[in-house]
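Working notes, structure below.
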Number of protein chains: 2
Amino acid sequence: MKYRRIPDETIQRLPMYLRAFSLLEGEKELTVCSRQLAVRLGLNPHQIRKDLSYFGNFGRPGVGYPVQTTARRIRHILKLDKTQKTALVGAGRLGTALVAYPGFSSFNLEIAAVFDSDPKKIGKKIGHLTIESAARLAGLKKRNIHLAILAVPADAAQSVTDKLIKAGVRGLLNFSPGRLKVPASVKKIDIDLASQLSILPYYL
Amino acid sequence: MKYRRIPDETIQRLPMYLRAFSLLEGEKELTVCSRQLAVRLGLNPHQIRKDLSYFGNFGRPGVGYPVQTTARRIRHILKLDKTQKTALVGAGRLGTALVAYPGFSSFNLEIAAVFDSDPKKIGKKIGHLTIESAARLAGLKKRNIHLAILAVPADAAQSVTDKLIKAGVRGLLNFSPGRLKVPASVKKIDIDLASQLSILPYYL
DNA sequence: GGTCGTTTGTGAATGTGAGCACAAATAAAA
DNA sequence: TTTTATTTGTGCTCACATTCACAAACGACC
């Protein structure tokens, strides 16, 4: 395989593939072919093959993809073969829900710290985590935390983001609406709940 | 303007445009040109003009876009000129957070009913809403609710979806992971929180 | 060992959205 | 009224993702 630029769209599909392969691992399947996988995921088999081929030769012609090996390789590509610690900023209702969200652990994702600026919340517990002061954000690098989830009100979003980036955070999952300025070296993913919901009526 | 197919990407940007125009309305601005707007939103001015032009001639050359009129027209396109009622299914932590989410109201979106299958939760209150039994989903059509947010565990997602569609729901915001089968007449938007977060480590 | 059916990997074709350049339209100034 | 400075709307081009088609690889069976 020669080098080709890997489309962002491919990266975005990898978690879906990983989930499917993990499931098949649990079902003790040894191999799976792109056609079966395509049916499971509601995709085109060609797309699956092309996506996986970006990362080298995963499968064997006439057989398919080895379930365990492929799962491991995708985990490695996404750097999910070791637990990834994440900081959560904003201990409001959404933040609290995210701490308890059961879906992260199967991807080896862990919310390892919670911050808030409200003095009344600091020291209180969410699950097994203690809410820390926003002043302590600067210590993230030492704690080996490079990812953060932003669940603060819109007006605080930019200033918190600046602090996070100064603290060495390089990946950001942003729930606040509006534009957030980050340097090109930081990967930012936006989830604007209100915008998403407001698209639906259009199709009515 | 002759007919052109409107890209989904354009529709997805409309809420962003609407938010900006609403803000400008509040600032008592009378007009805004695509260049200013582009700076605000971090986009290309060409893109904004092209997006808006799909829906007819919004602006005036040499002047720009009339703030109030354009805001109104985008609201009308997205059918947000009247309040859109939404049903929430799943009164867990995520569901509870969504009921309290302050971002919906500015788009005229309202969570008007909450459902759960857990008998212990039924009858309890979330905000000013009373949690209803899932058996009452069938009554959604009579209540003029055509949109739903799905915040239930993965294993319940498909069966709840089927009930919702039978009850006349035609737009779905789905927070459960994995594949959800819906007929082509139903618009579905997926928000897979774990998948989104698991993309970030790749870029580290 | 040869043949046949299956499945992968990939170059090529197709489809689609983003970016661009420019003509047409407008307002303000001369 | 004419000129100048803006700004929109849009055909065109480019870039990129998806889809296709086919050669090469593989296992199974004879």
Side-chain angles (χ1 to χ4, degrees), chain A residues 1-17 20-21 24 29-71 73-74 77 179 184 190 199 202, chain B residues 1-17 20-21 24 29-71 73-74 77 190 199 202:
Chain A
M1 193 211 54
K2 57 182 184 182
Y3 176 78
R4 284 169 293 180
R5 198 188 70 83
I6 297 166
D8 270 8
E9 280 79 1
T10 294
I11 303 296
Q12 282 171 22
R13 280 187 291 270
L14 286 184
M16 185 171 42
Y17 297 149
F21 275 103
L24 288 163
E29 294 288 336
L30 294 180
T31 60
V32 64
C33 70
S34 60
R35 189 150 35 92
Q36 295 171 272
L37 211 54
V39 172
R40 260 186 192 252
L41 298 173
L43 292 178
N44 189 317
H46 301 102
Q47 180 145 69
I48 296 175
R49 290 207 296 277
K50 174 146 283 193
D51 279 342
L52 294 179
S53 77
Y54 281 113
F55 303 97
N57 301 12
F58 276 65
R60 274 163 54 192
V63 183
Y65 296 91
V67 169
Q68 213 172 15
T69 311
T70 309
R73 289 183 65 180
I74 300 178
I77 292 165
R179 199 157 91 89
D190 296 303
I199 291 165
Y202 173 82
Chain B
M1 194 213 50
K2 58 183 184 182
Y3 176 78
R4 283 169 294 180
R5 199 187 69 83
I6 298 166
D8 271 7
E9 279 78 1
T10 294
I11 303 296
Q12 283 171 23
R13 280 187 289 272
L14 286 185
M16 185 169 43
Y17 297 149
F21 275 102
L24 288 163
E29 294 288 336
L30 293 179
T31 60
V32 64
C33 69
S34 60
R35 189 149 35 92
Q36 296 171 271
L37 211 53
V39 172
R40 258 185 193 255
L41 298 173
L43 293 177
N44 190 317
H46 302 102
Q47 181 144 66
I48 296 175
R49 290 207 296 277
K50 176 150 280 190
D51 280 341
L52 293 178
S53 77
Y54 281 113
F55 303 97
N57 300 12
F58 276 65
R60 273 162 57 191
V63 183
Y65 296 91
V67 169
Q68 213 172 16
T69 312
T70 309
R73 288 184 66 181
I74 299 178
I77 291 165
D190 296 304
I199 291 165
Y202 173 83

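Naming convention: chains lettered A, B, ... in sequence-line order (proteins, then strands); numbering from 1 in each chain. Everything numeric in this text was worked out from a predicted model, so none of it was measured.
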Please report the distance, rounded to the nearest Å, between [atom1] in [X] and [atom2] in [N].
X	N	atom1	atom2	result
B/I11	C/dA18	CD1	P	12 Å
A/F55	C/dT8	CZ	P	17 Å
B/F58	D/dT10	CZ	P	12 Å
A/D51	D/dA17	CG	C1'	10 Å
A/R35	C/dG5	CZ	P	15 Å
A/N44	D/dA21	CG	P	11 Å
A/I48	D/dT18	CD1	P	12 Å
A/H46	C/dT8	NE2	C1'	11 Å

Ring of B/F58, cation from B/R73 - is the NZ or CZ under 6.0 Å from the centre and inside 45° of the axis?
yes
Regarding B/S34, tell me which of base, sugar-phosphate or nothing describes its non-hydrogen contacts under 4.0 Å with the strands shown.
sugar-phosphate
On a heavy-atom basis, the closest approach of A/I77 and B/Y202 is O-CD1, 3.4 Å
Can you name the nearest heavy-atom pair linking B/I74 to B/L14, along with the distance?
CG2-O, 3.9 Å
Between B/T10 and B/I6 (side chain of the first, backbone of the second, donor and acceptor by atom type, cut-off under 3.5 Å), is there such a pair?
no
Has A/Q36 got a side-chain atom pairing as donor or acceptor with A/C33's backbone, closer than 3.5 angstrom?
yes
Closest approach to the side chain of [X], judged atom by atom: which nucleotide of [options] is it?
X	options	answer
B/Y65	D/dC20, C/dG9, D/dG9	D/dG9
B/P61	C/dT7, C/dA25, C/dA21	C/dA25
B/R5	C/dT7, C/dG17, C/dA24	C/dG17
B/R49	D/dT19, C/dA18, C/dA21	C/dA21
A/K50	D/dC26, C/dT10, D/dT7	C/dT10

Both A/R60 and A/Q47 contact DNA chain D. Taking the nearest nucleotide for each, which residue is further toward the 5' end?
A/Q47
Between B/V32 and A/E9, whichever has its closest DNA chain D nucleotide further toward 5' is B/V32
If you compare every side-chain N and O of A/Y54 against the phosphate oxygens of D/dA17 (OP1, OP2), does one of them come in below 4.0 Å?
no
